[in-house]
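Shown next, in structure tokens, is the structure this report addresses.
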Amino acid sequence: MSDASKFLPFTKPTIDEETIASVTEVLRSGWLTSGPKVQALEAQLSEYFGGRPVRTFNSGTCTMEIALRIAGIGTGDEVITTPNSWVATANVIIETGATPVFADIDPKTHNIDLDKVEAAITPRTKAIIPVHMCGLPCDMDKLYAIADKYKLRVIEDAAQAIGSSWKGKRIGSFGDFASFSFQVNKNIMTGEGGCLVLNNAEEVRLAEKYRLQGVTRSGLDGIDVDVLGGKYNMTDIAAAIGLGQMKHLTEFNTKRATLAKHYFDSFGTDFEQKTGAELPVADFENSNWHMFHLVLPESANRAAFMQQMLDQQIGLGYHYRAIHLFSMYRDRGFTDGMFPIAERIGKQIVTLPLFPAMNTEDVERVVSAVKSCLL
Ligand SMILES: *Cc1c(COP(=O)(O)O)cnc(C)c1O
């Protein structure tokens, strides 16, 4: 039953009693840091991604940073990425000493425009970090054709894309590095956390070193540190949550798709034409429906719209403001007008509520509130 007086957030995790019990069990066991639960989660993820090696970390952000380090990227290198993402995607490039280069996005998919990526390649370009925005994958054929042609590494920021696919193949089961986030808002979560899908045993060895202070162990008391690593390991507490979430991943994503379909049905075919707002690409083949975005018409003031929705007990998100317009990026020489599509999306986008515990009445409540604001 829909309850119009009840606050509807834009997202909320679903956690079952079994998961809560398994976290309690970890706490009682006395082994809280990385241990058997982390190993079990990595094994399950590896199976999920078609047998490719997987290692877990304590955030999606450090997962991407470690991928860049494994790829040997640092000072003097350029990495091409999208201005339409959470700032983490570009911050990790700077963190390694490399230079972020942005390419504007496609106005429909909101993913990086691969023609603009190709145009931005220079002799210093070493890698591309595309984002599968809202779980809608980039054109993987075109992406990897460019990577092959220019001998570039790819770190897929698949933070939002667990369970998404491309031509029947799961994102993360093919390609180069794929980085996932288990931050609490994602389709499955561990509170905070992430994982990296790797290519081979040598990359796994490096991932484990960078994850824990650059340490290599041999025998019972043998230890050396030959590279600078950080403290990026996942705890067994978090991994227990992840194992509980993995059981529901398919069910969660199916529910998200059902709700997304109901959004389209409830908005109706004339909604865009009547309001000037834009609905997302209705991709029910590939997307995991991590978020349902609405681009408001130029005439609408986003803050006022969000307030009107809030007055009706509906919480919205906005994902994302264009990265290059943040002060730190302006300080590095980026200005207004450089990536106009990402800038327009960054100003006008809102994220409507979408999470597995919602029901179709909730969707209808959101749609009628949106219509009351825009029509
Ligand atoms: C969530 C997210 C990140 C960061 O992941 P954390 O686990 O919060 O560090 C990076 N990129 C995208 C696209 C995300 O959605």
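Below, all heavy atoms of this structure are taken into account, side chains as well, without hydrogens, waters or symmetry copies. In listed order, ligands and their atoms are each counted from 1. Sequence positions, counted from 1, serve as the residue numbers for this chain.
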> Should the pair Arg55-Glu208 be classified as a salt bridge under the 4.0 Å nitrogen-to-oxygen rule?
Replying inline: yes
> Side-chain contact, heavy-atom cut-off 4.5 Å: Asp113 with Val117?
Replying inline: no
Is there any protein N/O under 3.5 Å from an N/O of ligand 1, and what does the full list of such pairs look like?
unit_1   : atom_1 : unit_2 : atom_2 : d
ligand 1 : 5 (O)  : Ser181 : OG     : 3.3
ligand 1 : 7 (O)  : Gly60  : N      : 2.7
ligand 1 : 7 (O)  : Ser181 : OG     : 2.7
ligand 1 : 9 (O)  : Gly60  : N      : 3.3
ligand 1 : 9 (O)  : Thr61  : N      : 2.8
ligand 1 : 9 (O)  : Thr61  : OG1    : 2.5
ligand 1 : 11 (N) : Asp157 : OD1    : 3.4
ligand 1 : 11 (N) : Asp157 : OD2    : 2.7
ligand 1 : 15 (O) : Gln160 : NE2    : 2.8
ligand 1 : 15 (O) : Lys186 : NZ     : 2.8
ligand 1 : 15 (O) : Tyr320 : OH     : 3.3

> Taking atom types as modelled, is there a side-chain donor on His132 or Gln160 under 3.5 Å from an acceptor on the other?
Replying inline: no
> Do the numbers put Arg170 on top of the ring of Phe49, so that NZ or CZ is under 6.0 Å from the six-membered ring centre and no more than 45° off the axis?
Replying inline: no
>> Is the ring pair Phe102/His324 parallel, tilted or perpendicular, if the boundaries are 30 and 60 degrees?
In response: tilted
> Other than Ile155, what residues sit in its cluster of Ile, Leu, Val, Met, Phe, Trp and Tyr side chains whose heavy atoms are under 4.5 Å apart, directly or through others?
Replying inline: Phe57, Met64, Ile66, Leu68, Ile70, Ile73, Val79, Val92, Ile93, Ile129, Phe177, Leu196, Leu198, Val204, Leu206, Tyr210, Val227, Tyr232
